[in-house]
Amino acid sequence: MVRKVYTELKDFEIQNNELGTALPFSNDVSVLGKDYKLGVKTVPNRLVCQAMEGCDGTPDGEPDTLTKRRYERIATGGAGLIWFEATAVMEEGRANPHQLYINENNIDAFKRQVEDIKNTAFKENGYEPLVIMQATHSGRYSKPNGTPAPIIAYNNPIFEKENPIDKSRIATDEYLDSVKEALVNGALLAQKAGFDGVDIKCCHRYLNSELLSAFEREGKYGGCFENRTRLLRESVKGAIENCSKDFIVSSRLNVYDGFPYPYGFGVSENGGTEFDITEPDRLIKELHSYGVKLLNITMGNPYFNPHVNRPYVSGGYEPPEHPLQGVARVLKGIEKIKSLNPEMAIICSAITYLGVAAPNVVSAFIQNGAFDFAGFGRTIFAYPDFAKDIIKNGSMDKNKICICCSKCTEIMRTAGGTPGCVIRDKEVYLPIYKKQCLKG
C-alpha cells in the first residue's frame, strides 16, 4: 500500500476506510480557532507548536541566531500555545553542546527570547501565545561535549544490545535527588524569564521517562509505581509549591513506550506490547491531585521505534505498519486518557503525517471531547504559519505541509547538526543537510 502524506482529503478518506483505522473527520474546523481558559490564563486557540529542538544554541546555552529565527517564524504563525523546546537544567544533562541550557547566568537571554516571541506574535496576529518551557535532563542521550556521556536509570538490553553501558553510568538515588532540585529550580528560572509555564519533561526515554519503566531498579527510584514515578511527581509538586499560582506546571508525558515489560511503561506485566492504560491513568490522576491542569501526551521513542512516536513516509527502517495505523494508535490512546480524566486539558501528538487532513481529524476529536488541543511537531519546521492558514482559510496548504521525509531527524542525529526543514526551508537547511548528511 502506498505511503505518503495526504495532500488531498479524498486520499485520506479512502485509506482511512481501507485500513479500518476509523479516524473521525469533520468538515467544520472552526473549533481550532476557539480560545480555552486554563486557570487564570487564556490560550487564544487550540493549535500548539510542539517542542522541536533546533540544537542551535550558544555553547553556554543561550538562544543563538538560528534559534531566534525559528521562534520569530513560529511566533508569526498564529499558534495559541508554543511548547518551547527541550531546555536543559543541568550541564551534564544536555543532549548536545548546543542544546539550550537555562541557568542563573543567562536568564536575561531567555527573558529576551520570550519577549520577542510574544511581541512578534502580537504585532502579527493581535494576540500573544502562551509559551511553556520544556525542562529536561537527557539521561541516556546526554552528550554535553559532543560525545556520548549517558546517565541512565538502568541497563536496557533492548537499547544497549551487545554493548551494555557501564554500570557506573547508572544514576544513584542521590544524583536523582539533585535532578529533582534542578528541575524545580528550572521551573523557577522559567518563571523569572517570563514563560507562562514549565513542562517537567517525561517522555521519549529521557531520564525522567526512563524511570517510569525502572521495574528492576533498586532503591527509592525503582520497583514499585510510587518509586518509578517519584522523580516526576516530586519535581512537579516542587514546581507547583515554589512557583506562583498562575504559573502553569505541566508535563510532556509518555503514556506508552511500545516495549515489553520490564522495559516499557504503559504495557502489561503479562507480556506483549499492547497499550495498558492502568499505570498511566493512575499517574495522571496523581498529577491532577497536585494541581496539574494540562498535559501534553505522547507515545514511543524517536530513537528506537519512531513509527510509534512520529509515523513517517521514509526513515531509518521499514515500519511494521502503515503510518496511519500509528497515528490512530496515538490519537485513540489519548482519547482513552481523556475519557478517564475529563477534567484534564490534553494536547495530542503524532498528527503531522495526516497532512491536509490534520485539521479535519483533530477537529472531530476535539468536538467529541477526546482531547482539547492539536499539537503539531515536525510541521512547525516545514510550515511555521500552519495555524494562521487553518484559522483564516479553514485548511492547510498542500504545498507547505511537512512530507515526513525524516531529513530533519537525519541532521539531528549527526554531530553538530542543527535540524530544520530541508524541503520547505531549503535556503537555510539544504546546505546544512548536504554538509552533515551527504558530506558534501
Side-chain angles (χ1 to χ4, degrees), residues 50-57 59 61 64 66-67 70 85-88 92-101 134 136-152 156 158-163 165 169 201 203-207 209-210 252 254 257-259 298-319 323 326 349-350 352-353 377-382 402-426 428-440:
Q50 294 283 24
M52 294 296 290
E53 190 179 342
C55 309
D56 49 20
D64 206 349
L66 282 178
T67 322
R70 185 169 63 263
E85 68 191 81
T87 303
E92 69 270 23
R94 295 173 81 179
N96 60 77
H98 292 281
Q99 182 176 43
L100 299 183
Y101 164 42
Q134 186 172 79
T136 189
H137 186 300
S138 296
R140 71 168 51 241
Y141 303 117
S142 296
K143 198 185 294 185
N145 299 310
T147 55
I151 300 172
I152 61 176
N156 187 326
I158 295 176
F159 297 166
E160 298 162 29
K161 296 182 173 62
E162 67 278 2
N163 296 305
I165 293 171
R169 305 301 301 180
K201 185 177 184 179
C203 64
H204 303 160
R205 282 303 173 120
Y206 296 99
L207 185 57
S209 172
E210 185 166 67
R252 179 130 162 90
N254 247 65
D257 291 339
F259 303 110
T298 183
M299 296 184 177
N301 181 303
Y303 298 92
F304 286 88
N305 60 1
H307 72 278
V308 174
N309 170 256
R310 46 170 180 77
Y312 53 83
V313 171
S314 59
Y317 60 88
E318 183 69 17
S349 302
T352 288
Y353 179 80
R378 290 163 292 173
T379 291
I380 71 172
F381 279 163
C402 168
I403 64 171
C404 296
C405 66
S406 299
K407 286 182 170 57
C408 57
T409 302
E410 286 184 59
I411 297 173
M412 189 175 184
R413 297 290 184 263
T414 64
T418 53
C421 185
V422 175
I423 307 301
R424 309 296 190 197
D425 198 8
K426 62 184 179 182
V428 172
Y429 290 100
L430 181 56
I432 293 173
Y433 178 78
K434 287 180 177 178
K435 178 183 177 182
Q436 294 293 128
C437 302
L438 304 180
K439 307 300 180 184

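Gln436 places no side-chain N or O within 3.5 Å of a backbone atom of Ile432 that could act as its donor or acceptor partner. Side chain of Arg94 to main chain of Ala88: no donor-acceptor pair is present (N/O by atom type, distance under 3.5 Å, no hydrogens or angles). Not a single donor-acceptor pair under 3.5 Å links the side chain of Ser138 to the backbone N or O of Thr136. Judged by distance alone, the side chain of Thr67 and the main-chain N or O of Asp56 form a donor-acceptor pair under 3.5 Å. Asn301 places a side-chain N or O within donor-acceptor distance of the main-chain N or O of Phe304, the cut-off being under 3.5 Å. In this structure a side-chain-to-backbone donor-acceptor pair under 3.5 Å is present from Asn254 to Gly300. Judged purely by atom type and a 3.5 angstrom limit, Asn156 uses its side chain to pair as donor or acceptor with the backbone of Ile158. A distance-only check finds no donor-acceptor pair linking the side chain of His204 to the backbone of Tyr206 [under 3.5 Å]. Between the Asn145 side chain and the Glu92 main chain, no donor and acceptor come within less than 3.5 Å of each other. Panel note: side chain His98, backbone Gly57; a donor-acceptor pair is recorded below 3.5 Å.
Here the shortest heavy-atom pairing between Thr352 and Gly377 reads OG1-N, 3.9 Å. The two residues Gln99 and Gly93 come nearest to each other via the heavy atoms OE1-O, 3.8 Å. Here the closest non-hydrogen pair linking Thr418 and Tyr429 is O-CE2, 3.3 Å.
Between Arg70 and Glu85 the shortest side-chain heavy-atom distance falls below 4.5 Å. Contact check for Phe381 versus Asp425: no side-chain heavy atoms found under the 4.5 Å cut-off. Considering only heavy atoms from C-beta on, Arg252 comes within 4.5 Å of Ser349 through its side chain. Between Cys404 and Arg378 there is a side-chain heavy-atom pair separated by less than 4.5 Å. Between Pro419 and Met52 there is no side-chain heavy-atom pair separated by less than 4.5 Å.
Close placement of the Phe259 and Phe159 rings is indicated, their centers lying within 6.0 Å of each other.
Judged by the 6.0 Å and 45° rule, Arg140 forms no cation-pi pair with Tyr303.
With rounding to the nearest 0.5 Å, the separation of CD in Gln50 from OG1 in Thr298 is 7.5 Å.
Defined by atom type and a distance below 3.5 Å, a donor-acceptor pair is present between the side-chain atoms of Glu53 and Asn96.
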When you look at Ser314 and Ser406, which way does the side-chain hydrogen bond (donor to acceptor under 3.5 Å, both in side chains) test go after all the steps? CA-CA 6 Å; Ser314 59; Ser406 299; 5.1 Å; no
